[in-house]
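What's counted below: heavy atoms across the whole structure, side chains too, no hydrogens, waters or symmetry copies. Each chain gets a letter, A, B and so on, in the order its sequence line appears, and its residues count up from 1.
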Amino acid sequence: MTKVRTRFAPSPTGYLHIGGARTALFSWLYARKMGGDFILRIEDTDLERSTQASVDAILEAMAWLDLHYDEGPFYQTQRFDRYKEVVQQLLESGHAYYCYTSKDELDAMREAQMARKEKPRYDGRWRDSTETPPAGVSPVIRFKNPLEGVVEFDDMVRGKIAISNTELDDLIIARSDGIPTYNLSVVVDDIDMGITHVIRGDDHINNTPRQINIMRALGHEPPIFGHVPMILGPDGQRLSKRHGAVNVMQYRDEGYTPEALLNYLVRLGWSHGDQEIFSREEMIQLFAAEDLNRAPSAINPDKLVWLNQHYLKTLPVEDIVKQLQWQLESQKLDISQGPRLEHVVMAQRERVHNLAEMLSASRYFYEPITSYHPDAIAKQFKPETANYLQTVQDELASIEHWQDEPIHAAIQTACEKLGVKLGKVGPALRVAVTGNTSSPSLEVTLRLVGKERSLERIANAIKFIKNS
RNA sequence: GUCCCCAUCAUCUAGUGGCCUAGGAUAUCGCCCUUUCACGGCGAGUACUGGGGUUCGAAUCCCCAUGGGGACGCCA
């Protein structure tokens, strides 16, 4: 049995979007599962729209998701000689021909066909023409598609698909400037790179019979195709910028872990019974093309958030600390004057939705409090609060080992001395130390803020209350 | 318009002719836990697009309709 070889072949005309990432993931999973190779190929034959910035963005996203490729990235722009050679071969074998039809003529042709309610397509006027070519026109080269018969293929996810050759026209395989087009370069590359399984978006279904015809004209049998449905926006419409994050890297910026995004993506169009949580290893182990769905699926941001929380709660603390580095720089938070990040992660991992929030909700561990939350002042800072805080401060001040237990005990003792419930003192203490109404449990919060700073902040709060 | 593909809760999905008075997850709503915010636990509501067949029996098979998506480029 030949080794499985899959490929992901994005065109660098923009960042890697969420749909592309999922296609890449499925392709990668299949190769891993089958012990095969995964190849990255950059389809940059559109010189007008391809940019180096897009190539970099795609590579960065692949790296962030850690979808490792065994070969590549290959660039089609570096293989022009090879494509030209194949086009020449097709010309010589009578499978291709020069076409001198201008763009204006083509437009007119399409319009007329649409008016007649026909499927717009090239009419093959130069296919067998013996006419003298018009002077000064640089021709394109078209593939001589079979006139009759049916192209059949057995799709990995959809089963048998058959398209009649009469539906297909003679597509352009080389532009008038000699640069090959997508359908040609894909075929040549898939042959040369020994691709056995092409997993791609179902927007390519219509291209498949054309590519199969070209392959056969070249004397090769086509690979196995698997067309996965597209991803829709939350409203069921085609995914676009107005649907929020479509750029994979934006998810990193917003504080999602790659583990969560991958887990979310793998469950979009694929399932393994009722299982929701998949580690990378499990995905590889359990992935099967039969379990791929045929229907398009709408993206559901809430579920991604849930998964992200799950990974925040369960990933090793060191991993989260590592991922926090990017946020640290982005949020310009200096952590040199505060608790170790590990401790903050442990304190916050169960109460935030993402990495960005984990840091933004932790600033008071590192930075002075500049103001109290307005609602908090109204609700928690009453005249008698000053007295409560004073008692708490006295108890806290006498603590020798600034740890959870003693801190907790000190707060309890203060309450007893005051003869009030913790509910009277706790919230105010929290506001005093964090400036906010929510934080980890009091003892953890105070521990992380530190003894000296805690006492100082309580003193400031007492002053604030007395002056207001 | 023509061709191709698709169709189970709001969303992601399980389901491959009887186990389905349709299961799980997210979200929502209750209740419990609780010093805040969360976590967690328990529970509730919500779906087989419609119509014809096939069959003793259809969410599951076939046909039609409807709806959605895609393709129809000297883009990929």
Opposite nucleotide pairing with [N], Watson-Crick or G-U, both atom distances under 3.5 Å:
N      : value
B:rA71 : B:rU2
B:rU16 : none
B:rU46 : none
B:rC37 : none
B:rC61 : B:rG53
B:rA25 : B:rU11

Notebook entry, point to check: Taking only side-chain nitrogens and oxygens of A:Lys313, does any of them come within less than 4.0 Å of OP1 or OP2 of B:rG40?
Noted result: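 Yes, such a contact exists.
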Notebook entry, point to check: Are any non-hydrogen side-chain atoms of A:Ile173 and A:Asn183 less than 4.5 angstrom apart?
Noted result: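 They are not in contact (no side-chain heavy atoms under 4.5 Å apart), so the answer is no.
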Next item on the list: Compare all side-chain heavy atoms of A:Phe26 with those of A:Leu292 and state whether any distance is below 4.5 angstrom.
Entry: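 Answer yes - side chains close enough.
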Margin query: If you take any heavy atom closer than 4.0 Å to RNA chain B, which residues from residues 421-437 of chain A end up in contact?
Written below: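 Contacts with RNA chain B under 4.0 Å: A:Leu422, A:Arg430, A:Thr437.
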What's the gap between [N] and [M] when it is taken at their [atom1] atoms, as a whole Å value?
N      : M      : atom1 : result
B:rC48 : B:rA65 : P     : 23 Å
B:rG17 : B:rC61 : C1'   : 8 Å
B:rA38 : B:rC6  : P     : 44 Å
B:rA14 : B:rG24 : C1'   : 7 Å
B:rC31 : B:rG15 : C1'   : 32 Å
B:rU11 : B:rA7  : C1'   : 15 Å
B:rU46 : B:rG41 : C1'   : 23 Å
B:rG18 : B:rA76 : C1'   : 48 Å

Notebook entry, point to check: So which pairs with a foot in residues 409-441 of chain A pass ring-ring contact (aromatic ring centres under 6.0 Å, His included), sequence neighbours left out?
Noted result: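 Those involving residues 409-441 of chain A do not exist here.
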Check: Quick one: ring-ring contact (aromatic ring centres under 6.0 Å, His included) pairs with a partner in residues 97-125 of chain A, sequence neighbours left out?
Finding: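 Qualifying pairs, neighbours excluded: A:Tyr100-A:Trp126.
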Notebook entry, point to check: Considering residues at least two apart in sequence or located in another chain, which fulfil the side chain to side chain contact (heavy atoms under 4.5 Å, CB included) criterion with A:Ser297?
Noted result: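 Partners of A:Ser297 by the side chain to side chain contact (heavy atoms under 4.5 Å, CB included) criterion, ordered by chain and then number, come out as A:Arg22, A:Leu268.
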Note to self: Which residues pass the side chain to side chain contact (heavy atoms under 4.5 Å, CB included) test with A:Arg453, not counting sequence neighbours?
What the structure shows: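 For A:Arg453 the side chain to side chain contact (heavy atoms under 4.5 Å, CB included) partners, ignoring immediate neighbours, are A:Pro339, A:Val449, A:Arg457.
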Donor-acceptor pairs are to be reported for all side-chain atoms of residues 374-382 of chain A against protein atoms at under 3.5 Å, with residues two or more places apart or in another chain.
{"from": "A:Lys382", "atom 1": "NZ", "to": "A:Lys379", "atom 2": "O", "distance (Å)": "3.3"}

Item checked: Qualifying residues under ring-ring contact (aromatic ring centres under 6.0 Å, His included), relative to A:Phe278, sequence neighbours excluded ->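 Listed in chain order: A:Trp270.
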Next item on the list: Assess whether side chain to side chain donor-acceptor pair (under 3.5 Å) is satisfied between A:Thr77 and A:Asp44, documenting all intermediate values.
Entry: CA-CA 6 Å; A:Thr77 41; A:Asp44 52 357; 2.7 Å; yes
Item checked: side-chain hydrogen bond (donor to acceptor under 3.5 Å, both in side chains) involving A:Ser360 - partner list, sequence neighbours excluded ->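 Here no residue qualifies.
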Item checked: Per-nucleotide protein contact string for nucleotides 19-29 of chain B, where B marks a base within reach and S marks sugar-phosphate only (heavy atoms under 4.0 Å, - for neither) -> ----BBBBS--
Note to self: Treating primed atoms plus P, OP1 and OP2 as sugar-phosphate and everything else as base, which nucleotides of nucleotides 68-76 of chain B get B, S or - for protein heavy atoms under 4.0 Å?
What the structure shows: -SBSBSBBB
Side chains of residues 301-309 of chain A: which donor-acceptor partners sit under 3.5 Å, not counting sequence neighbours?
{"from": "A:Lys303", "atom 1": "NZ", "to": "A:Glu276", "atom 2": "OE1", "distance (Å)": "3.1"}
{"from": "A:Asn308", "atom 1": "OD1", "to": "A:Thr257", "atom 2": "N", "distance (Å)": "2.8"}
{"from": "A:Asn308", "atom 1": "OD1", "to": "A:Thr257", "atom 2": "OG1", "distance (Å)": "3.4"}
{"from": "A:Asn308", "atom 1": "ND2", "to": "A:Gly255", "atom 2": "O", "distance (Å)": "3.2"}
{"from": "A:Asn308", "atom 1": "ND2", "to": "A:His353", "atom 2": "O", "distance (Å)": "2.9"}

Exercise answer: donor-acceptor pairs, residues 143-153 of chain A side-chain atoms, under 3.5 Å, sequence neighbours excluded:
{"from": "A:Asn145", "atom 1": "OD1", "to": "A:Asn213", "atom 2": "ND2", "distance (Å)": "2.9"}
{"from": "A:Asn145", "atom 1": "ND2", "to": "A:Asn165", "atom 2": "OD1", "distance (Å)": "3.3"}

Next item on the list: Mind calculating the distance between CD (A:Glu357) and C1' (B:rA38) to the nearest angstrom?
Entry: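 The distance from CD of A:Glu357 to C1' of B:rA38 comes to 10 Å, rounded to the nearest Å.
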